Number of protein chains: 2
Amino acid sequence: MVKTKNTDLQTQERIFKAATEVFEEKGFAAARMQEIADRAEINKALLHYYFRSKELLFEAVFQVLLKKMFEKILSVFMMDISFEKKIKLYYEEHINILIKNPNLPLFLLNEISHNPELVQGIRETLRYSEMRDVIYKQHSRELRKYGIKKGELPQLMVTVVSMAIFPFAARNVMKMMMEQLGDNKSFNNFMQARKDFASDFVIAALKNRKK
Amino acid sequence: MVKTKNTDLQTQERIFKAATEVFEEKGFAAARMQEIADRAEINKALLHYYFRSKELLFEAVFQVLLKKMFEKILSVFMMDISFEKKIKLYYEEHINILIKNPNLPLFLLNEISHNPELVQGIRETLRYSEMRDVIYKQHSRELRKYGIKKGELPQLMVTVVSMAIFPFAARNVMKMMMEQLGDNKSFNNFMQARKDFASDFVIAALKNRKK
DNA sequence: TTTATCTTTGACCAGCTGGTTAAACCTTAA
DNA sequence: TTAAGGTTTAACCAGCTGGTCAAAGATAAA
């Protein structure tokens, strides 16, 4: 309970890690408690000893994965650097994270859409309105120059993040396309190249907008 | 069997429609045969009479939804019009389809990622390499002008489609952001506005690229 | 060593899930 | 009217799923 033995933490961490893997791969509905127990190499009853139910275990895992997804985005967009640098840094950092966690986007989008109550967790983690206000204050001059009105900021933000996130969600479709192409570039190479392509694309679009 | 009575088709169609709804909403793993039967207002055993198993029923539904997603994209990008017009028409048509089927993107991406064998169906429906070749032949002049090399075409294509598809996949997250904003625009208004935003954005980026 | 507390386990269970089956029902053609 | 074949149903089933529980095992303090 209060006393934290070595073994306690080891076991709980092993369960948590196994649960993360299984939930991320299969999603909540297709995930099986038995499989989590097997991967953690423990008895199934132990799962319920540490995390009362499948739902509670899932929620614990979900919160951590949600933060893994959004904390970096938030911190980058809150930084006090130029908008151009921010875009470049965002793609660099976020694509790196997603290369390490390629299942993250589809997992999060899917669970959120199937269980709207999870959205509450996002409110607290993403803090969108805060981010939006900071961005608009910091970059009012640049955004005006680019002809982005405050009402259009969501359009721009969605565009920016979709260019990084969408390819991971569509990863299997893309892999198929690349095979068919006889393209030797791996998916990861594609995403490495995308860091520059995406930032150049966004900057170019902004600099040449109809005003 | 061969004789097609009225009632046969009506029943089979009712089952198919109900199955489409349930699979699209819940996904394969969380979908329940009983719920499909209830929505079709028939006995559960009838599902197995018309479609032998859950898997077979799912595959039938999946193929139709896959075509709903991709046929329009394919036909637009195969048309003999300028690249700019093609981009505009693509967003107009595809966003219209997705507004009518908002769950389609997440459903397809998710099922494909959880069941790689379904990719075969995409090969036949999407015909990516054919599309890519046609695009590159038709627009070699324009693409050269924009400084898009053949190897970069996938980057451009993924960018274009992600701007239309991603917002639907992230629909619930976006709805939350809009509420928090106190924004009265509905999600559909956002997507209507996105038709112009996206095409202008892509065209602007192309016209101002580093070469 | 003893004792109290925390961990871990095997065995078990109720309820759900996809799927089957035999019988009833309906339609149609002879 | 009747026989045949397709359609629909209620009842049923085996296997899986999340979850429980009593007992055994480990740990550390007294």
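Worth saying up front: this structure is predicted, and the values here are computed from it rather than measured.
Separating the CD1 atom of Ile42(A) from the P atom of dG10(C) is a distance of 11 Å, rounded to the nearest angstrom. Regarding Glu41(B), its CD atom lies at a distance of 11 Å from the P atom of dT9(D), rounded to whole Å. At whole-Å resolution of the value, OH in Tyr50(A) and C1' in dT8(C) are 8 Å apart. Nucleotide dT8(C) holds its C1' atom 14 Å from the CD atom of Gln12(A), rounded to whole Å. In this structure, CG of Leu46(A) is placed 13 Å from C1' of dA24(D), rounded to the nearest angstrom. Look at CG on Asp38(B): it is 14 Å from C1' on dT9(D), rounded to the nearest Å.
Asp38(A) pairs by the side-chain contact (heavy atoms from CB on, under 4.5 Å) definition with Gln34(A), not counting sequence neighbours. Every residue two or more places apart in sequence or in another chain that forms a side-chain contact (heavy atoms from CB on, under 4.5 Å) with Ile203(A) is listed here: Glu84(A), Ile87(A), Lys207(A). Under the salt bridge (Lys or Arg N to Asp or Glu O under 4.0 Å) criterion, Glu55(A) pairs with no residue at all, not counting sequence neighbours.
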In residues 15-25 of chain A, what donor-acceptor pairs under 3.5 Å come from side-chain atoms, sequence neighbours left out?
residue	atom	partner	partner atom	Å
Thr20(A)	OG1	Phe16(A)	O	2.7
Glu21(A)	OE1	Arg39(A)	NH1	3.0
Glu25(A)	OE1	Arg39(A)	NH2	3.0
Glu25(A)	OE2	Arg39(A)	NH1	3.2

Validation: residues 163-172 of chain B side-chain donor-acceptor distances under 3.5 Å, sequence neighbours left out:
residue	atom	partner	partner atom	Å
Arg171(B)	NH1	Asn103(B)	OD1	3.4

Dump every N/O contact between nucleotides 16-22 of chain C and the protein below 3.5 Å, one line per pair.
residue	atom	partner	partner atom	Å
dT17(C)	OP1	Arg32(B)	NE	2.8
dG18(C)	OP1	Ala31(B)	O	3.3
dG18(C)	OP1	Lys54(B)	NZ	3.2
dG18(C)	OP2	Met33(B)	N	3.1
dG18(C)	N7	Lys44(B)	NZ	3.2
dG19(C)	OP2	His48(B)	NE2	3.1
dG19(C)	OP2	Lys54(B)	N	2.7
dG19(C)	N7	Lys44(B)	NZ	2.6
dG19(C)	O6	Lys44(B)	NZ	2.6

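Looking at heavy-atom distances under 4.0 Å, Leu47(B) makes no contact with the nucleic acid at all.
Geometrically, Lys86(B) does not engage Phe77(B) in a cation-pi contact defined by less than 6.0 Å to the ring centre and at most 45° from the axis.
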